[in-house]
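Quick notes on the structure that follows.
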Amino acid sequence: MSKKDKLSTEAYKGVRDFYPEDQAFFNYLCHACQSVAERFGYAEYHASILEPAELYKAKGAESEEIVNEQTYTFVDRGGREVTLRPEMTPTVARMVAAKRRELGFPLRLFSIPNVFRYERPQRGRLREHWQLNVDIFGSRSLSADAEVIAVAHALMLQLGAKESDFTIKLGSRAFIDELAKKYSLAPDVAKLFTQLLDRRAKMPAEEFEEKLSELGIPNEALSPADLPSDVGEIISLLKESGVTNAEFDPSIVRGFNYYTGVVFEIFDTHPENNRALFGGGRYDNLTELFDDEPLPGVGFGMGDVTIQNFLELRGLKPAYVSAATLYLATASPEALPHTTAMAEELRKNNINVAVDFGEKKLGEQIKTAAKQHIPYLMVVGADEIASGNFVARNLDTGEETKLTQNEIVSFFNNN
RNA sequence: GUGGUCGUAGCUCAACGGUAGAGCCCUGGUUUGUGGUACCAGUUGUUGUGGGUUCGAAUCCCAUCGACCACCCCA
């Protein structure tokens with residue numbers, strides 16, 4: 001059969017396969033997210049990737065482009081319109097609204113869901129990515145905004161970043177609304193103003209000022225000197241908790257329509273990656289989709305793809321090490337029962353051991369262990385069985401340690 | 001959705017209208033029990049796919065699929 005008749009081994013467009021090395025990094029990332037979120041008292045939740053399509057079609061819930069052109073939406077066998085969630089916030093708002101009488105507030109929640117958007121893949125953006133979501137519901141206090149930002153900050157430090165590696169830029173939807181009111185902007189003009197702010201960093205200063213004055217807004221209006229009171233309050237709260245790289249940036253507006261208060265973005269300060277890594281903000285009206293009782297929320301979402309790019313660029317991505325610490329090579333088929341018994345004994349002592357069944361030459365067995373990044377190798381054969389003396393080889397350094405049968409467990413428990 | 005660059009061996013790439021190549025990897029051997037360094041030998045393939053132009057196409061043209069980059073948007 002020719003190759004043409006075979007299936008392609010390529011993954012679907014814009015999605016990734018997670019080989020052991022990728023999965024190990026993903027696990028590392030998840031553990032970092034989980035430990036930081038839990039340190040701040042956030043509880044983990046989970047939901048299906050499937051949602052009724054109307055969740056995203058509700059007015060004002062979301063950017064129209066995402067709903068109309070970037071969702072995976074299909075009709076199920078029962079005629080229901082179903083959407084693969086493009087983000088988690090509507091889902092968590094739905095969950096919280098459904099059980100609001102039973103959940104205590106302020107309610108701190110986090111999750112690491114995969115989300116889907118049908119769009120053209122490029123650097124830092126795929127059709128499926130995993131996104132840490134951290135949200136706090138039921139508080140209008142600016143301390144809640146500050147706390148959520150502090151979680152994002154702590155997470156960056158947990159991943160090995162220094163404060164100088166990133167900046168936290170804060171903007172304010174309320175500030176924009178005030179300006180719109182002050183200069184009597186019509187709603188459509190106010191929207192243009194928001195879009196212009198969003199694109200500010202992508203155009204020369206003169207062009208921005210020109211377009212700004214076309215909308216009837218003087219440049220002085222955006223002076224960072226007179227920062228909005230909510231932003232100022234949050235920045236000083238952050239300073240009190242040791243976060244010193246936050247600043248006001250009036251051009252931070254965020255894309256989603258549901259934001260109502262302070263919004264923020266974490267920016268990479270690296271000259272080659274000067275972009276927003278992730279962000280979030282306050283959304284006080286989102287649960288109004290479900291009932292009339294107001295329930296304020298504030299949170300952020302961090303994507304695994306962009307943060308991985310950041311960590312790679314900064315040399316902060318940890319080297320892969322296999323979960324198995326020891327590979328037991330089998331010198332000859334007759335030795336296999338002994339290898340298996342030895343592995344079983346080591347496993348009882350919580351050592352992760354993989355066994356080679358001895359089907360290939362010893363050199364090949366060692367190569368297998370090296371390819372799979374297993375740190376230690378030990379050969380089991382007639383000589384070792386007869387003498388009770390083994391050699392543990394570190395496959396990274398080549399260092400060899402002679403061990404008697406009784407010393408093996410303690411050696412691996414200490415390495 | 002718009003624009004640009006690019007698809008050649010498992011991987012990284014060369015050949016740019018005239019017989020498809022190198023390095024790494026892989027297989028075997030030097031070494032019938034010790035990889036990553038050495039030496040010898042060997043397999044790499046409908047040049048993404050489908051059309052077209054040409055005596056002749058990996059090379060030029062069209063379409064399509066995919067990758068990358070910049071927009072839009074956003075993580």
Side-chain angles (χ1 to χ4, degrees), chain A residues 1-6 8-16 29 62-71 85-89 112-134 152 194-195 198-199 202-203 252-257 259 263 265-268 273 275-280 299-310 327-335 339 356 358 360-374 376-386 390-398 400:
Chain A
M1 192 182 249
S2 76
K3 198 173 178 180
K4 199 173 163 185
D5 301 318
K6 298 294 186 180
S8 168
T9 56
E10 275 180 28
Y12 171 73
K13 184 181 174 73
V15 308
R16 292 165 291 165
L29 197 58
E62 194 138 12
S63 129
E64 284 167 24
E65 178 165 353
I66 288 178
V67 177
N68 296 332
E69 296 165 30
Q70 299 192 344
T71 54
R85 62 186 172 208
E87 59 150 342
M88 197 59 162
T89 307
I112 308 172
N114 54 343
V115 296
F116 300 81
R117 285 183 203 165
Y118 190 86
E119 58 184 339
R120 201 139 157 184
Q122 59 184 267
R123 180 176 168 81
R125 190 172 63 181
L126 302 170
R127 286 185 170 182
E128 178 192 18
H129 77 284
W130 296 76
Q131 189 187 63
L132 168 69
N133 276 252
V134 171
T194 306
Q195 287 171 352
D198 202 18
R199 262 178 275 155
K202 289 177 181 173
M203 60 179 76
I252 301 297
V253 298
R254 305 285 296 162
F256 293 130
N257 293 331
Y259 288 121
V263 289
E265 288 183 346
I266 310 292
F267 268 76
D268 190 350
N273 195 39
R275 55 168 293 173
L277 295 169
F278 63 97
F300 71 87
M302 184 194 76
D304 70 318
V305 182
T306 42
I307 202 69
Q308 183 171 341
N309 290 345
F310 170 82
Y327 195 76
L328 283 181
T330 302
S332 62
E334 305 80 65
T339 313
D356 195 295
K360 292 183 182 171
K361 293 198 301 184
L362 210 42
E364 301 302 321
Q365 298 185 37
I366 294 165
K367 203 178 264 188
T368 297
K371 272 187 172 177
Q372 296 179 6
H373 297 93
I374 298 172
Y376 285 93
L377 174 102
M378 226 161 61
V379 175
V380 180
D383 296 353
E384 287 82 2
I385 295 167
F390 293 82
V391 175
R393 182 191 297 185
N394 183 315
L395 290 174
D396 277 332
T397 63
E400 298 190 339

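Naming: A, B, ... by sequence-line order, numbering from 1 per chain.
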A:Arg85 charged N/C atom sitting above A:Phe116 aromatic ring, 6.0 Å / 45°
no
Counting Watson-Crick and G-U wobble pairs only, both distances under 3.5 Å, name the nucleotide matched with B:rC26, or none.
B:rG42
For B:rG33, the Watson-Crick or wobble counterpart (both distances under 3.5 Å)
none
N-O pairing of A:Glu119 and A:Arg127 below 4.0 Å:
no
Residue matched to B:rG1 through Watson-Crick or wobble contacts both under 3.5 angstrom
B:rC71
Please report the distance separating the C1' of B:rC6 from the corresponding atom of B:rU59, rounded so that it comes out in whole Å.
14 Å
A:Lys13 atom NZ is separated from B:rG66 atom P, nearest whole Å, by 5 Å
When you check the gap from the basic side-chain N to the acidic O, do A:Arg16 and A:Glu128 get nearer than 4.0 Å?
no
Paired nucleotide for B:rG7 [Watson-Crick or G-U wobble; both distances under 3.5 Å]:
B:rC65
pair_partner(B:rA20), Watson-Crick or wobble, both distances < 3.5 Å, evaluates to none
For nucleotides 27-34 of chain B, 5' to 3', base contacts (B), sugar-phosphate-only contacts (S) and non-contacts (-) with protein non-hydrogen atoms under 4.0 Å give S-S---BB
Let's test this: given Watson-Crick or G-U wobble pairing with both distances under 3.5 Å, identify the partner of B:rU59.
none
Check this for me: does the side-chain of A:Arg125 come within 3.5 Å of the base of B:rC73 through a donor and an acceptor?
yes
Value for NZ (A:Lys367) from CG (A:Leu395), rounded to nearest 0.5 Å, stands at 13.0 Å
Kindly indicate whether the side chain of A:Glu265 and the base of B:rA75 share any N or O donor-acceptor pair separated by less than 3.5 Å?
no
